[in-house]
Structure formats: C-alpha cells, structure tokens
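To start, the structure under review is shown below, and the notes come after it.
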Amino acid sequence: MSLSLSPSPARLFSLLCACTVSQIEHCIDSKMAKTRLAWLLTLLSTQCYLSVLAVVLKTNNASPWTNEFDKVELSCVIESISTINPRIEWKKITSGGPSYVYFDKKIYGDLENRAVIREPATLLITNATRSDTAKYRCEVTAAEDQKAFDEILIDLVVRVKPVVPKCSVPKSVPLGKLAELSCVEEEGFPKSRYQWFKNMEEIPDDPKTSVKFFNSSYTLSTETGTLKFISVRKEDAGEYYCRAKNDAGHTQCAPQKMEVYDIDIVGIILGVLVVVVVLLCITVGICCAYKQGYFSSPQQTGNNYKVPAKGDGVDYVRTEDEGDFRHKSSFVI
C-alpha cells in the first residue's frame, strides 16, 4: 500500500493508525518531503497514544422501545479502553433524580429480577413494564486510561396497549337537538387516540370528506374521544362504538344503539289541554258539592241539656217547668 500527497491529514492519520511502526515506512510515498513525514509521524504518535489511553463509549440505539412484557436491550459498547477491569455503572434518570440500576456488578431496584448485564456493559431488560420508561445512563470509569471516564444516555420507551375504553352513547335523542358521545381510555402509553364507528364504518374527522356523512353536522376529536352532533338528523340513528389505539395496539368498546325521534308538538299541546279540562271539571264538581252542603257538619236542633252528675248527699228533682230544678237536701246521720 502506498500513500500519495493528495490525501488529507485526517485520512492519512486513519490509515497510519492502522499500520505498525515497521509498516509506516513502506506506507509513505518516497516522494514525500522529510519535513512532512516528520510532522505526520509526530502527529501519529501523539494521537494514537491518546486514542489508546482513552475510554470511549457508543450505543447502537439511543432511543430504543418495546411493548410491555417484552424484552429490550440498552446497548452500551466500549469502543476503546486500556484498563483491564473498568468500573461499569447504570443509572435510571427520573424526575426524582438518578438511582442505581447496576452497581458493583449487581442489579438493583425493581429491575433486580428482570435484567442482566451482557458483557461488557450492555443492559438487557427481560420483562419490561410501563414503569421502566425513563432515561438510562451508562457510565464507565477506567482508572488506567488518560481519559478515564465516559458516559452515554439512552431514552427507553415501553409502549402499553390500551385497555377497553369507556364509551357513553345516548339511547335516544330528539330530532334536531344536540347529542354528545364520549370515549375515555387512560392506561395506554403513548396516550391513546380515538376513532368512532357507525354501523361498522369509520366516521371521518371531517364529514365533508365523505359522501355518506356529508350532510351530518358533527365535530370529532381524536385526542379527547368526543363525538358531538350539533343538530341530530334521522340518518344519524344507528349503532356506535369507539376504538382507542396507540403504537402498541388497539381495543374497542361494544356497539351501542342511538335512536332519533320526532318531537310531536300537536300531541303535547292536546295532552296539556286534556289535563287542564280534567282539572277544571274536578274543581267545578268540588264547588257544586260544597254549595249543596255535602261538606258541612250537621246542626243541633232544640235545647239539649246534659244532666249534671249527682254529688254525694244531693238530690235533684225536676219540676214541670223546663229548666227549673229544686234542690232537695238529704242528710245522712
């Protein structure tokens, strides 16, 4: 292999670092000036020495993801190091601060029985849960290297499939009135988005984009799961269900039927009139009965007297004149 003067110093450096000292003499073009050769050899010796005596980390995936209960690998690759037994640590970074995941060759925390280290520094989570979603930091300390410390940050996302959403569909709605259908699901991660279906057909976000729903007047929020009809039509009657979905999957609630009925104004007015007439007839009947004395108490006729009870030793004798009593005394010896 020979090198011309055209390659850049960076290119020459990468090529020369791959050669041994004895090979360098054959790698250099004979036409190269001695001063340039000396400069390159000095640069080579300095940079190659520093690269060997520096711990350098890299990762194959800085933003891994997995579904809940699956396994995931947090890659931490030691690209260069000269220390034989470096200190390797993993930390979980949350809002409460960092906490140890791997320290002194042991797994700690809630990953104790769900993670292992793949030599030399990769962390493998065998059964990921939603609580594992966080940032993780791989740290390597190499005491014998001139650059003795390096770290990489990995952002892990554990996706959670939505559970069956809670759907609310009104059973019956008056024609031309407002109707609101709701759909809620709070377990999925990332946050679920929502779709509504009528008679097994998806309802578009904008009714004007569909021939079947063109005349409908509604608003649909895929973020909150609310389907609101501004003015219900007869054609809006049917079976509705909602689907919650995210990157991990989707679930849906059971279909619920919504009916739309007419408001019979004439019937309501006639019903009110009948009630008024009945109440009026009852009132007139009560008044007539009261005037005829059906509700008055019987009056007393003549003079009714109550004979007072006799006291001990006193007799009362009634005379011919009504109301005239004569006292007759009797003595008990």
Q: Keeping the roles fixed (side chain from Trp90, backbone from Ala121), state whether a donor-acceptor pair exists under 3.5 Å.
A: yes
Q: Would you confirm whether Trp196, through its side chain, and Gly225, through its main-chain N or O, come within 3.5 Å as a donor-acceptor pair?
A: yes
Q: May I ask you to decide whether Glu202 forms a salt bridge with Arg243, counting only side-chain N to carboxylate O separations under 4.0 Å?
A: no
Q. Under 2.5 Å between the sulfurs of Cys253 and Cys183, yes or no?
A. no
Q | Distance flag, aromatic centroids of Tyr108 and Tyr100, threshold under 6.0 Å | A | no
Q.
Can you tell whether the side chains of Glu201 and Lys212 come within less than 4.0 Å, N to carboxylate O?
A. yes
(Q) Would Lys257 pass as a cation-pi partner of Tyr240, given that its NZ or CZ must be under 6.0 Å from the six-membered ring centre and within 45 degrees of the axis? (A) no
**Q.** Hphob cluster co-occupancy, Val157 + Tyr136, side-chain heavy atoms under 4.5 angstrom
**A.** no
Q: Taking only Lys NZ, Arg NE, NH1 and NH2, and the carboxylate oxygens of Asp or Glu, determine whether Glu187 and Lys161 approach each other closer than 4.0 Å.
A: no
Q: Look at the side chain of Glu151 and the backbone N and O of Arg137, then say whether any donor-acceptor pair between them is shorter than 3.5 Å.
A: no
Q. Is the backbone of Leu57 close enough, under 3.5 Å, to the side chain of Asp150 for a donor and an acceptor to pair up by distance?
A. yes
(Q) Hydrophobic clusters here meaning ILVMFWY residues chained together by side-chain heavy-atom distances under 4.5 Å, can you tell me if Ile78 and Ile117 are in one? (A) yes
Q | Test item: side-chain donor near acceptor, Asn127 and Arg114, under 3.5 Å | A | no
Q. Is the side chain of Lys198 donor-acceptor paired with the backbone N or O of Met200 at a distance under 3.5 Å, no angle test?
A. no
**Q.** Same apolar cluster (I L V M F W Y, side chains within < 4.5 Å links), Val274/Ile282
**A.** yes
Q: Give a yes or no answer on whether the side chain of Thr122 reaches the backbone of Ser75 with a donor-acceptor pair at less than 3.5 Å.
A: no
Q.
Taking Thr226's backbone N and O only, do any of them form a donor-acceptor pair with Ser182's side chain (distance below 3.5 Å, no angle check)?
A. no
**Q.** Arg87 with Glu89: basic N within carboxylate O range, under 4.0 Å
**A.** yes
Q: Could you grab the distance from atom CD1 of Ile203 to atom CG of Asp236, nearest 0.5 Å is fine?
A: 8.5 Å
Q. Is a side-chain N or O of Thr209 found less than 3.5 angstrom from the main chain of Asp206, in a donor-acceptor match?
A. yes
Q) Has the side chain of Asn246 got a donor or acceptor atom that lies under 3.5 Å from a matching backbone atom of Lys191? A) no
Q.
Hydrophobic clustering (ILVMFWY, side-chain heavy atoms < 4.5 Å, transitive) - are Tyr218 and Leu181 grouped together?
A. yes
Q: Without swapping roles, check the side chain of Lys234 against the backbone of Val260 for a donor-acceptor pair under 3.5 Å.
A: yes
